Amino acid sequence: MSAVVFIPARYASTRYPGKPLVDLTGATGQKKTLIQRAWEAAKGVSGIDRVYILTDDARIADASRGFGADVLMTSSDARNGSERCAEGLAQLDSDPDVIVNLQGDAPLTPHWFVEALVAAMTPGVQMATPVLKCDRETLTNFVTDRREGRVGGTTAVMRADNTALYFSKEVLPYVGDLQTPPQVWHHVGVYAYTPAALRAYAGWDEGPLERAEGLEQLRFLENGTPITCVPVEGRGRVFWELNNPVDVARIEEVLQRENIT
């Protein structure tokens with residue numbers, strides 16, 4: 001099965017402008033931009049044919065080419081990463097079997113998350129995304145962010161067959177007590193699509209749930225396309241995305257703890 005990874009990145013983030021070019025300090029004190037660390041995470045995935053950074057910004061493109069990445073320039077009309085990936089797909093000479101959207105703000109994505117995701121793209125699966133059981137540290141960060149008015153990570157609610165019921169930037173289900181919390185699933189910001197599903201996505205209008213939550217994957221659910229959630233194991237690594245400036249310190253702590261240079 002052929003697979004490519006697209007890393008969509010935009011400079012004009014509402015919550016954190018210029019986020020892809022923010023420096024993150026690794027275990028040896030070396031600084032690398034967020035987009036470079038996301039690219040290095042993608043390059044560490046087995047079974048991937050090519051990795052491309054997709055952007056409409058010359059600053060991100062120049063920085064990416066500077067560390068050796070392949071870059072596809074996309075339009076400023078793309079409203080989210082999936083639309084940007086559809087533009088990237090249109091530039092390829094031939095369709096891969098699977099397109100992986102590894103968001104540029106997720107440099108801590110372990111390679112085994114993406115490998116499990118690609119393996120889940122069996123015949124009949126149109127779109128899939130990983131989910132991770134929240135550990136105490138991550139759940140505390142989720143609840144703290146919401147209590148302090150920050151939008152942090154995303155949670156997923158699933159059926160018994162692991163197809164998605166809903167995704168939200170709220171903590172779902174409700175956590176009333178951190179001492180005895182319910183099981184909360186952290187949605188990992190990686191998607192795999194078939195080319196047909198990605199092209200269909202680009203042709204649909206943004207729906208009210210997607211607009212309210214700011215979550216691109218809800219467009220699939222709003223248009224009746226099932227999403228397969230793939231439970232993955234953290235194996236002791238804390239997964240966290242860079243959504244707000246406060247997350248820089250959180251991610252750098254993990255880089256140092258995991259000896260990631």
Side-chain angles (χ1 to χ4, degrees), residues 5-17 19-20 38 54-57 74-90 98-106 109 117 120-121 125-132 142 145-146 149-159 161-174 184-230 239-244 247:
V5 173
F6 286 157
I7 305 175
R10 64 192 182 101
Y11 193 89
S13 170
T14 302
R15 281 181 283 162
Y16 197 165
K19 183 171 66 171
L54 311 184
T55 189
D56 62 344
D57 189 275
T74 53
S75 76
S76 59
D77 297 330
R79 291 171 291 186
N80 58 45
S82 293
E83 289 189 0
R84 203 172 296 282
C85 286
E87 291 188 18
L89 175 63
V98 176
I99 302 100
V100 175
N101 171 355
L102 175 62
Q103 299 190 53
D105 59 4
T109 307
L117 187 62
M121 292 294 291
V125 176
Q126 301 175 65
M127 191 269 201
T129 192
V131 291
L132 179 67
F142 271 18
D145 279 343
R146 296 308 295 129
R150 291 189 297 269
V151 177
T154 299
T155 60
V157 182
M158 301 175 290
R159 298 181 180 86
D161 65 356
N162 288 344
T163 55
L165 280 168
Y166 195 63
F167 299 88
S168 182
K169 289 179 179 175
E170 293 290 348
V171 183
L172 298 180
Y174 170 69
V184 175
W185 289 89
H186 184 180
H187 172 239
V188 179
V190 187
Y191 306 104
Y193 331 84
T194 63
L198 187 56
R199 290 191 178 99
Y201 181 95
W204 295 324
D205 290 332
E206 183 183 53
L209 295 176
E210 178 188 357
R211 189 176 304 113
E213 293 270 9
L215 296 175
E216 63 200 89
Q217 68 270 31
L218 290 175
R219 195 181 306 182
F220 283 104
L221 297 184
E222 291 186 86
N223 285 277
T225 298
I227 298 174
T228 297
C229 294
V230 182
F239 174 81
W240 198 253
E241 298 159 346
L242 204 159
N243 296 297
N244 301 287
D247 296 322

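Just so you know, these numbers come straight off a predicted model, no measurement behind them. Just so it is clear, the values below take in all heavy atoms, side chains as well, and ignore hydrogens, waters and symmetry mates.
Put simply, the side chain of Ser75 never gets that close to the backbone of Asp56: no donor and acceptor are under 3.5 Å apart.
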Practice task
Go through Asn101 and Glu216 one step at a time and tell me if the side-chain contact (heavy atoms from CB on, under 4.5 Å) criterion holds.
Solution key: CA-CA 12 Å; Asn101 171 355; Glu216 63 200 89; 3.6 Å; yes
Handout entry: Full working for side-chain contact (heavy atoms from CB on, under 4.5 Å) between Leu215 and His187
Key = CA-CA 11 Å; Leu215 296 175; His187 172 239; 6.0 Å; no
Exercise for the section: Check the pair Lys19 / Asp105 against side-chain contact (heavy atoms from CB on, under 4.5 Å), numbers first and verdict last. Expected result: CA-CA 8 Å; Lys19 183 171 66 171; Asp105 59 4; 3.2 Å; yes
Handout entry: Working for side-chain contact (heavy atoms from CB on, under 4.5 Å), residues Leu117 and Tyr191
Key = CA-CA 8 Å; Leu117 187 62; Tyr191 306 104; 5.7 Å; no
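Note: Leu198 CG to Cys85 SG = 6.5 Å, rounded to the nearest 0.5 Å. Atom OG1 of residue Thr154 and atom CD of residue Glu213 lie 8.0 Å apart, to the nearest 0.5 angstrom. Atoms CG and CG, on Asn223 and Leu218 in that order, are 11.0 Å from each other to the nearest 0.5 Å. Here CE of Met127 is found 11.5 Å from CD1 of Ile99. Values are rounded to the nearest 0.5 Å. The OH atom of Tyr193 sits 9.0 Å away from the CD atom of Gln217 when rounded to the nearest 0.5 Å. Remark: Leu54 CG to Glu87 CD distance equals 8.5 Å, nearest 0.5 Å.
Across every non-hydrogen atom of Arg84 and Thr55, the tightest pair is NH1-C, 4.2 Å. Nearest heavy atoms, Ala164 versus Leu221: O-CD2, 4.0 Å. The minimum heavy-atom distance between Gln103 and Ile7, with the atom names listed, is C-CG2, 4.3 Å. Residues Ala192 and Val98 share a closest heavy-atom pair of CB-CG1, 3.9 Å. Minimum interatomic distance between Ala38 and Gly104 (heavy atoms only, all atoms of both residues): CB-O, 3.8 Å. Here the shortest heavy-atom pairing between Phe142 and Gly153 reads CE1-CA, 3.7 Å.
The shortest side-chain heavy-atom distance between Arg219 and Tyr201 falls under the 4.5 Å cut-off. Side-chain contact check for Val184 versus Pro173: some heavy-atom pair is nearer than 4.5 Å. Side chains of Glu206 and Asn80 form no contact here, defined as non-hydrogen atoms less than 4.5 Å apart. Between Arg159 and Cys229, the closest side-chain pair of non-hydrogen atoms is not below 4.5 Å.
Exactly one residue among Leu172, Ile227, Leu209 makes a side chain to side chain contact (heavy atoms under 4.5 Å, CB included) with Phe167. That residue is Ile227.
Between the side chains of Asp161 and Thr163, a donor-acceptor pair is found at a separation under 3.5 Å.
A salt bridge does not link Arg79 to Glu210: none of the charged nitrogens lies less than 4.0 Å from a carboxylate oxygen.
Between Trp204 and Phe220, the ring planes are perpendicular. Angles over 60° get that label, and only those under 30° would be called parallel.
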